Amino acid sequence: MMVIRGDPKEMIVEASEDMNVDLLVVGSRGLGQIKRAFLGSVSDYCAHHAKCPVLIVRPPKSSHK
């Protein structure tokens, strides 16, 4: 177990490099473009900055509306 302080997106990428992982799996909350622009996206950051492949898991589409 690791406890790391700092900006989550940067710390996830840094930890994946330190641990020499083969695949980084991150979740996506499914924010819209506007919210993502204001809040930033950890999964987008990881996809663009991680040195290993990144799998982004999106929330399931609800079949009950």
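Note that the coordinates shown come from a computational prediction; the quantities given were computed from them, not determined experimentally.
- Residues V57 and L23 share a single hydrophobic cluster, defined by chaining ILVMFWY side chains whose heavy atoms lie under 4.5 Å apart.
- Here the options are E17, M11, E10, K9, the test is side chain to side chain contact (heavy atoms under 4.5 Å, CB included), and the partner is V13; only E17 passes.
- Heavy atoms only, all atoms of each residue included: V54 and C46 are closest at CG2-O, 3.5 Å.
- Take H48 and apply the ring-ring contact (aromatic ring centres under 6.0 Å, His included) test, not counting sequence neighbours, and it matches no residue.
- For the atom pair E14 CD and D7 CG, the distance stands at 11.0 Å (nearest 0.5 Å).
- In this structure, CD1 in I56 is found 6.0 Å from CG in D44, a value given to the nearest 0.5 Å.
- Legend: residues meeting side-chain hydrogen bond (donor to acceptor under 3.5 Å, both in side chains) with S16, ordered by chain and number and at least two apart, are absent.
- Expressed to the nearest 0.5 Å, how far CG of D22 lies from CG of N20 amounts to 7.0 Å.
- For the atom pair OG of S28 and CG of L55, the computed distance is 11.5 Å after rounding to the nearest 0.5 Å.
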